[in-house]
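Predicted, not measured: the structure shown is a model, and the values here were computed from it.
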Amino acid sequence: MRTATAGEMSVMARFSPLKWILVFTLIGAFLGCSDSTPLEHTQARQKVSLSGTFLTESPDEINFPVKVLFAIDCSLSMGMTADGAMVGSDPNFLRIAAVRNFIEEYNSNENVSFEIMLWSNDVFSRTRNGDGDYGFTKDPDELNRVLDGVYNDTLTDYIGTLDTIRTDIQNDIDRTEDSDNLVRTKYIVAFFSDGVSNDGSGLQDDDDIWDQVEDMYNYAIDEGVGSFAFHTFLLLSGFDDTTAGQTALGLATTTLTGMSERGNGQFRTMENAEAIDFISIIDMRLTVEYNIKYLVAFNYNVQRGLE
């Protein structure tokens with residue numbers, strides 16, 4: 001057995017046991033891992049946090065218009081004289097009283113305005129705005145002019161009434177001088193009836209009715225209004241328990257439900273005229289969503305370089 005020379009022992013003495021372990025480990029890794037997968041590249045990652053102030057327009061300087069359109073069925077089935085007595089689903093015009101109550105509740109709010117349409121075989125009366133055009137108003141005299149002139153007559157033309165609603169809403173949107181204000185505007189339609197559609201030639205096609213509502217909704221949204229809701233209400237007291245009565249109820253329910261679904265609204269039934277109430281049902285709130293268009297970042301730690 002060969003004995004290490006003094007020089008070799010001097011070199012070995014300069015390495016601690018830990019250093020020898022590291023040397024042998026590196027040698028073993030080099031000899032035994034020639035077929036291993038190459039090391040993967042890594043990316044340096046950093047975290048950044050931002051804080052700041054989100055500024056919106058002052059609510060004291062902008063408006064949030066809410067425009068409510070009541071389209072009230074005044075067909076003959078609502079009330080008529082038979083054998084010297086008033087009969088029908090609402091012979092005492094309690095639906096008109098419900099509209100008055102709603103207006104009295106909200107007309108004190110400067111951002112709320114109303115349009116009233118009375119319809120049967122056509123729209124025979126509706127409100128005018130301050131310029132004399134058909135549309136929305138806050139004027140109590142104009143609102144009462146239409147409500148005081150109510151009467152029941154003839155049939156229930158859904159399609160003709162929807163066409164008039166679309167025309168007035170479109171004109172109102174087109175007349176809006178401040179286009180930026182449309183994003184804060186909410187349109188609400190309350191379509192009230194007690195029966196199936198009928199313009200004198202028979203039932204009107206549901207697809208035609210639904211297309212009218214859907215086109216109306218799409219137009220309003222495409223023009224950038226903040227919200228549009230088409231609610232439908234069905235008075236049930238005009239439907240009896242006969243087969244014909246229940247069939248008619250099913251038809252009216254299908255039509256009005258489809259209208260509300262395509263108009264982003266709700267369908268509600270009311271058992272009788274005494275139960276008519278719009279205040280507890282119609283939601284007047286408007287939710288506004290803000291989009292961030294610009295982001296400005298400052299680095300307060302940067303130091304000016306030498307020139």
Would you say that [X] contacts [Y] through its side chain, given a criterion of any heavy-atom pair below 4.5 Å between the two side chains?
X    : Y    : answer
C74  : R95  : yes
S75  : D194 : yes
V225 : K186 : no

_Rounded distance [0.5 Å steps], CH2 in W210 versus CG in D205_ = 8.5 Å
*Could you state the interatomic distance from CG (D153) to CE (M80), rounded to the nearest 0.5 Å?*
10.0 Å
*Can R100 and D148 be counted as an ion pair, charged N to O under 4.0 angstrom?*
yes
*Indicate yes or no: does R128 engage D133 in a salt bridge with an N to O separation below 4.0 Å.*
no
With hydrophobic residues grouped by side-chain heavy-atom distances under 4.5 Å, do [X] and [Y] end up in a single group?
X    : Y    : answer
M284 : V99  : yes
I188 : F191 : no
I281 : F114 : yes

_Under the criterion side chain to side chain contact (heavy atoms under 4.5 Å, CB included), I'd like the reasoning laid out for Y158 against D199: C-alpha separation, chi angles, the key distance, then a yes or no._
CA-CA 8 Å; Y158 278 36; D199 62 355; over 6 Å; no
*Going by atom types only, do N129 and Y134 share a side-chain donor-acceptor pair under 3.5 Å?*
no
Between the side chain of [X] and the main-chain N/O of [Y], is any donor-acceptor distance below 3.5 Å?
X    : Y    : result
T257 : T254 : no
S237 : S89  : yes
K138 : V112 : yes

*Could you tell me whether R166 sits above the aromatic face of Y219, with NZ or CZ closer than 6.0 angstrom to the six-membered ring centre and within 45 degrees of the axis?*
yes
*What are the two closest heavy atoms between E115 and R126, and how far apart are they?*
OE2-CD, 3.9 Å
*Pair F102 + F70: ring centers closer than 6.0 Å*: yes
*Test applied, side chain to side chain contact (heavy atoms under 4.5 Å, CB included); reference residue, F230; option that passes from R262, M259, Q266*: M259
